[in-house]
Amino acid sequence: MQIYKTIPPSLTKEEVCAIDTELYGLPRHQLHRPNQGHFASMQVCFDGKSVYVTQNETDVPKFMKAISKATHLFHNASFDIRHLRRWCSYPDKKDMFDTLILERILWGGYFDSFGLKDLARRYLDILVSKAEREEFATQETMTPEMLTYAATDALLTWQIFQKQKTFMRPEDLHIWNNLDKPALYAILDFKGMPMDKEKWIKLAQDNKQKAEEIQASLSFNLNSPKQVLEALHKMGIKKIESTEAKTLAQFSQYPLVSNILLYRTLNKRASTYGLDFAERYIEANNKVYSDYDVTMASTGRMSSSDPNSQNLPSEKSYRECFIAESGHEIVVLDYSAQEPRITAYESGDSTLLEALQNKKVDVHTAVTRDIYDDQTIKKSDPRRHFGKAMNLGLTYGLTATGLRRKLYEEDGIEMPYEQAEELVSKYFRKFSKVKYWIDQIRKFGERNGYVQTHSGRRTWLNRYNYHWLNNACNSPIQGGAADVTKLALARFRSDCQKANLEFPVIAVVHDEFVLHVPKELLETYTKIAETAMVEEAEKLYTGVPFEVEIKHGRSWACKVEEEETLTQL
DNA sequence: GGAGACGGCGCC
DNA sequence: AAAGGGCGCCGTCTCC
């Protein structure tokens, strides 16, 4: 490897250039924050041999200008682009590849490590150390070893891409170009979530105090499953081996057990969603900036971290902490029954399709009517819980036992095993093409070792997992839903650009978009977002109607717009 | 004393 | 034998 400390020569459109950036002093949980850390170095490699490096941030625009025509490569583009934009403009570039995301597109479910060093091992048979990387967090100058490390990263990215692209099918390229890359650019434009910090802290303190009171009354550590189990055994509950909530629920008549369950809830609130959260993530402007990963999950779903904004408590009091700034509103748009619609497309089941087309009742009620062959069943009918559980669970490989548990946990319904079994078979008799599709896709997975979504996003199946074939039917559905969400996200952003409007997304939770919009633009944004969501979904899954539920208000706990419309009528 | 596994649990 | 899937984060515990 030859290192040059000069501006690289001007590259042509045909050349391919790997880019890597290092920063000093990035806090561990804020690697994605452009208001943290500062420039250490930028290095580029366009021939697989030589690396051009600068440690001067004023060189960044000069580097960028020289390589602007070439195809760009990054390993984790979201990190580099986000930070590079501090020192130069980096508009959406079409000729750009991310070896990290490409690797997930190619090998999701097959491998479970996707770091640069993992790829170097797999593609190049090179063992590299990442020890130097840690030093950037605490150092302010670069040792020769750190410089070599940084240069090597760019070199490896270039070399890996040469090998990686030989594995790419047209479908993989399609997923990158039309789904994941546009979604990546959209994610980089997400705005911070404005928060009511005081309210959050009040909740945290209340929960912490209540949790501590329970802990103080007991002589063992409630946070230790080991000690909890021991205490329960001593008390006479001998036959349990696990202390997770669903097991303990069976013994809730014991005051100790119900106290443990209460503690767990309070402590979850006080720890994961507590004072540390506020301290670490709520910034001086009272906003929270999550990091998003476009293709973390093996199914193609996005993930969120630092903090994870996809698993915040759905409880009203917590959602009320995410508030609109003055003159603004929060808008929440979510796909109704997104996954059952994809199941309907994949299976071509006309009964399910008709249930989804029924505008008069919701899909869970419609499916319940079909299961029981009774078209008079209303939304309030207790049997709707069964239809709902089937709708949501069957593509995960739901069994009679799983159905019973689901109903008990979520709706407090106790159902005899035989009845659950009968319900499952009734469902499959009625929706016979769904059953047929499940059987076929399982066979496909067994034969090929992978399955894919309608867009062609592939997930490899792990044969060493005893229920590995459940993923055969789950991945095309869950992954298909992720495909829809990404298409809609990119379309929404592009339509905002066309209308010369700022991109107002502050969070995406799988099938839900959360926007923060000026009040006077509420209708404009809502219309653009809804259209993008519905049209992109219906374009991909032709023939299936998609619906989006829209809410808006002062906070993420906003009331349902439908209710307003109903009262108006 | 730091890393990683594990149990547990928040969300879709 | 087997209790659908996908994530990220917390605290404990073990190991080095």
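Labels below follow one simple rule: chain letters A, B, ... track the order of the sequence lines, proteins then strands, and each chain is numbered from 1.
- Between A:S224 and the phosphate of B:dC6, there is no side-chain N or O to OP1/OP2 separation shorter than 4.0 Å.
- In this structure, A:N471 reaches the C:dG6 phosphate: one of its side-chain N or O atoms is under 4.0 Å from OP1 or OP2.
- Counting non-hydrogen atoms under 4.0 angstrom, A:N221 reaches the backbone sugars and phosphates but no base.
- At a threshold of 4.0 angstrom between heavy atoms, the contacts of A:Q338 with the nucleic acid are absent.
- Across B:dC9 and C:dA1, the matching C1' atoms stand 25 Å from one another, rounded to whole Å.
- Using a 4.0 Å heavy-atom distance criterion, A:G402 is classed as a sugar-phosphate-only contact.
- Side chain A:N223 to base C:dG11: no donor-acceptor pair is found below 3.5 Å.
- In the set B:dC9, C:dA3, C:dC9, B:dC9 carries the atom at the smallest distance from any side-chain atom of A:R264.
- The phosphate of C:dT14 has OP1 or OP2 within less than 4.0 Å of a side-chain N or O from A:K226.
- Considering only side-chain atoms of A:T299, the nucleotide from C:dG6, C:dA3, C:dC13 that sits closest is C:dG6.
- Residue A:Y273 has its side chain nearest to B:dG10 when only B:dG10, C:dA3, B:dG8 are considered.
- Of the listed residues (A:K202, A:Q209, A:K208), just one forms a side chain to side chain donor-acceptor pair (under 3.5 Å) with A:D206, and that residue is A:K202.
- The phosphate of C:dG8 (OP1 or OP2) has a side-chain N or O of A:S303 nearer than 4.0 angstrom.
- A:R122 has its side chain within reach of A:E103: a pair of non-hydrogen atoms, C-beta onward, lies under 4.5 Å apart.
- Contact annotation: A:R269 does not reach the phosphate of B:dC11 (side-chain N/O to OP1 or OP2, under 4.0 Å).
- Residue A:Q227 places at least one side-chain N or O closer than 4.0 Å to OP1 or OP2 of C:dC13.
- Counting atom types as modelled, A:E244 pairs no side-chain N or O with a base atom of B:dG7 as donor and acceptor under 3.5 Å.
- Contact annotation for A:L398: base contact, defined as any heavy-atom pair under 4.0 Å involving a base atom.
- With B:dG8, C:dG6, B:dC11 as the choices, the nucleotide that has an atom nearest any side-chain atom of A:P225 turns out to be B:dG8.
- For the pair A:S305 and C:dC7, the criterion of a side-chain N or O lying under 4.0 Å from OP1 or OP2 is not met.
- A:D439 has no carboxylate O lying under 4.0 Å from a charged side-chain N of A:R442, or vice versa, which leaves the two without a salt bridge.
- Taking side-chain N and O atoms only, A:T272 has no distance below 4.0 Å to OP1 or OP2 of B:dG10.
- The pair A:E536-A:K486 fails the salt-bridge criterion, with no side-chain N (NZ, NE, NH1 or NH2) lying under 4.0 Å from an Asp/Glu carboxylate O.
- Distances from the side chain of A:H510 to the nucleotides C:dC13, B:dG10, B:dC12 place B:dC12 closest.
- Of the candidates B:dG8, C:dC13, B:dC12, B:dG8 carries the atom nearest the A:S242 side chain, counting heavy atoms from C-beta on.
- At the heavy-atom level, A:S309 lies nowhere under 4.0 Å from the strands shown.
- One N or O donor and one acceptor, one from the side chain of A:K406 and one from the base of C:dG4, sit under 3.5 Å apart.
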